Structures are given as C-alpha cells and as structure tokens.
Protein chains: 2
Amino acid sequence: MTEKPYDPHDYPPFAVTVDVVILTMVKKTLKILLIQRGQGPFRDAWALPGGFVLPDEDLGDAALRELKEETNISDDAIHLEQLGTYGSPERDPRMRVVTVAYWAIVPNLDKPIGGGDARHAEVVPVAEIESGRLRLAFDHEQILIDAIERMRSKMEYTNVATNFFEDSFTVSEFRSAYEAAWDTELNPGNFQRKLQQSADFLTPTGEKSPSESSGGRPADLYMAGPEKDLSPPLKRSKPKKSNK
Amino acid sequence: MTEKPYDPHDYPPFAVTVDVVILTMVKKTLKILLIQRGQGPFRDAWALPGGFVLPDEDLGDAALRELKEETNISDDAIHLEQLGTYGSPERDPRMRVVTVAYWAIVPNLDKPIGGGDARHAEVVPVAEIESGRLRLAFDHEQILIDAIERMRSKMEYTNVATNFFEDSFTVSEFRSAYEAAWDTELNPGNFQRKLQQSADFLTPTGEKSPSESSGGRPADLYMAGPEKDLSPPLKRSKPKKSNK
DNA sequence: CCAAAAGTGTTTCCTTTACACCCATGC
DNA sequence: GCATGGGTGTAAAGGAAACACTTTTGG
C-alpha cells in the first residue's frame, strides 16, 4: 500500500480538522468553552471550537491558532496537548472528516472574546456537560468526556493544574483547583505537606497573599517549579462534595 | 470555519493513513514488527506496517486490518489502542499525510506472515530500535519511542501484559514479560504477592504447568481476570539487567 | 538426597491518613 | 481577645522492599 507512487487520485481524500477542549477555572468552578452553532447540521447544539487544518500547518499549530481565536491568552500560560483522533465515517453527515482533538488549560477565562461573527461562545460548567442535559454536536460529547478524564488523571502526577493560574497562587487556591476538578475534598494539611515534600514542584515567590477580608493568616505565594512530575502521585478519593 | 457549507474544493485535502506498532514477546525478548521498504523515499529503511484508511472505514478498523495483514492473530488475543496522530507538513516528502498511530500487543509472534509481495518483514528487538542504529522511515522513530513508553507506562496499572500470552501463563512467565519490557529485575516473591492481593486481576485455571526439565516446583497457571486495573500500580525501578 | 523453581512469612521502612495543635492576620 | 484560614506535629495504619524460609517437582 504505502509502496505505490502517490497520485492525487490514488488515495481517498479526507478533511482534517482540529477541535480544542479549553478548560478553565472560574470562581472555583471547572468550565469549558463551547460554541453554539448557528447553522448547518446540529444547528443550535453546542460544539467545540475548531476548524480545518491549513495545507502547510502543523497539527499542534492549528490547535493553538483555534485556541487563540477564542481566548487571547499568551503562549506561556497555556498547557496544550493532543488528546486523540476521532474519525468515524458517520461523524459528520456532510463528508468524511477526521478530527484531531486537543485539550488545553488556560487561566481564569471568564468571558471568551467574541468572534467578529455572531457566534455565541460561552464557558459552560463541567457539571452541566456531565449531566448530559446539553445537546452536543457531532461526537463532541465523547471528546469532552475523554478530555475531562485525561485532565483529571494527569493532575494526579503532573503540574498541569498550575496552568489554571496566571501568575502566582497560594497552596489553598491550588488545592481548590484539585477539589473543583475532582469534585472531592482534600485535607488542607496533608495537601500542603505533600507538595512541600516534592522539592522543586512548586517554587515559593517569597511573597504573601493579602489576607482575605474574612481574616486568617496570609498564605505564601508559589509558582510552578522546574519539576513537572509528582512522584508518588496524588490520589483522587471518592467524590464527597455536593453533587446537588 | 466549521459553519460554511462544505464543498470538495472548499477544504484542503489530506491523505490519512494508519501505522501500527505491533509489540510481541519472543523468548523473553520484547520485539516489534517492522517492514523494510523496497522503494520510494526511505528505500531500504525500516517502517511501521500501515496504509491508507479506506473511504468508509473507521480508524480502528483500518488499524486492525493492517495488523491482520501481518500477523493472522485472532481478534480476542489482541490489545489494540490508539497512540496519537502525527501530521507534520514535512513528514512525507511526496504529499501531505496525516497518520493515526496505533499500538498493539500480540502473543508470541515469531515470524510475520510473508505478504504476497516481496516486502521484507521482521520482528526486531526493541533494544535494537532504542540503540538508534536502525534507519527508520518518516517520523517512525518518534512513533516507536512514544509507543514503547506508552506500553511501559500502561503495564504499571493495567493488565495489558496478559496479551503477550496466547492462553494461560504462570506468574513467572508474566513476571518475565515485565522484566523484558522494563529491562529490570523484579523480586519473584513480592511480584507474586502483589498479584494475589489484587483479587480478580488474574484468574487461576486450576492447572499447573509441566515443570521444566531443569526441575523445580510446577507453577499454577493463570488467565487474565475480569479486573483490568491494578491499584495501587506496579512500579518500575531503575534498569538493572544487562544493557551490554 | 540435592538442585531448582514456586510460593509464603516476616521484618523493616516509608508513605499516607486523620486530627490535634500552633501561627499570623483582620476586626 | 476572638474568629479565620495557613501551616506543622504526631501517632496509627497500610503497602512495599528485602530476604529467609518452606513447598514441590526432576534427577
């Protein structure tokens, strides 16, 4: 197969797109950026931001381009990673499309930047997506499920969660990110110690956060350290918090 | 982007292929099936088995088809899983090709079945691939590195390693698979106990293996159990064995 | 009886867990 | 002083590592 000389008419043509699951944390709630479709199949359903890969564009660059069209976040504050490729022949009723899905963590994306067109973009809580009440286009529900699970799993043994924050953060803010992402409660003391033990995982900035109006001891501020892996990993225990 | 009506001339056409990393264990050595290219670019270099995805074919089906063309293994003895997608614009000098890579574990593939054509297929030890002495086509070296790491990692917390065996196996055979894959030595007693503790991970067949000619107590035979995850996971320690 | 491989017991060490306690701030 | 959250001490429980020991076969 691979041995024949190539000819434009010799191979089946595919459209290749990228779709990006953009995760963010707003007020201790895990959210994902979705776009409500204005036309075409799955009109009014929610879809992931995405689009065609350009003829000379690398896959990762295409994902980064789509991400930036929606957020205007600077490169260095982004974690962007390939999730997997979805290419069932029936996934788009119009033609054969293979989509390479990516997932990203960006800090504090409150409102997506409005595209010039009238597309309706919104950051939707993950709880709402997981409830199944949202109508999602194509196979985007499966992509979302896979992306959320991948993020939850990767938070166990890497520092990806630092990307939820723009600059520095306190240990309790960091812990809140874990509690929101895993829908669980973590013991503050043990969480603190666990991170201290792994040298270079978090780097102290030397500064302290302004103590909240409610009082309490001011917390030390940290940034992501040079060590990106946590070993042994954190463990997510059973969800304890509100499921409403 | 995704909103426009589609037209064959409206999107950049890509060729989509699958490549499959087929891992197997022969006489306690981890090996991968490679094909020596007879023509085209990278002539005489080694390449992964693969080919075009057909117009109405699912990606996973395409990978399974390519796998079967090389091995004649029955479905149920195979672990097949998507690895990732590689689509750099320069990866194939002839045209824009995006390839979806898969990795598989098959039992005891001593000799690949010869295709009708004169292609030269061989199972190559992983150590040789990792040495960097082999000339590999396209970006297949990167795909191989990623696949080997994925397999090593997945062996820590799942039962994928059971797929190295056709039927039942002893605990020491199972341990040998880990030692070969991780290039390490594992304590026989502790390995045994670890697997016993996780109920349903391995199911005893009730039979015993014929004791080897060298003597020794006959070992109990096991098959993969209903529980596919190992928690807490096994840990790979530093390589101890020969690196020559 | 001896060699060899399978499988079990036992001790030591380390990590996690639970929870009590001290620290530093606002009011 | 008191409430509030940040951070540390500590003891109990659990798993992993090392290694001695018992079991079951072939010669």
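Below, chains carry the letters A, B, ... as their sequence lines are ordered, and counting in each starts from 1. Remember, predicted model here, so these are calculated numbers, not experimental data.
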Value rounded to 0.5 Å, distance of CZ in A:Arg65 from CG in A:Asp61: 9.0 Å
N/O (side chain, B:Lys194) to phosphate O (OP1/OP2, D:dG15) under 4.0 Å: no
Phosphate OP1/OP2 of D:dA16 contacted by B:Lys235 side-chain N/O (<4.0 Å): no
C:dG9 base / B:Arg193 side chain donor-acceptor hit below 3.5 Å: yes
base_contact_polar (D:dA18 base, B:Asn190 side chain, donor-acceptor, <3.5 Å): yes
Pairing residues for B:Lys31 by the salt bridge (charged side-chain N to carboxylate O under 4.0 Å, His left out) criterion, not counting sequence neighbours: none
Touch class at under 4.0 angstrom, heavy-atom based, for B:Pro188 against every strand present: nothing
Sugar-phosphate only, base, or nothing, as touched by A:Ser172 at under 4.0 Å among non-hydrogen atoms: sugar-phosphate
Proximal nucleotide (of D:dG15, D:dA18, D:dG6) relative to the A:Arg217 side chain: D:dG6
Given C:dA24, C:dG7, C:dA18, the nucleotide with the shortest approach to the side chain of A:Asn187: C:dA18
Position toward the 5' end of DNA chain D (nearest nucleotide), A:Asp220 or B:Gln197: A:Asp220
For atom CG of B:Leu195 and atom C1' of C:dG7, their distance in whole Å: 12 Å
Under 3.5 Å: donor-acceptor pair, side chain of A:Lys208, backbone of A:Arg217: no
Residues B:Tyr86 and B:Asp146: side-chain donor-acceptor under 3.5 angstrom: yes
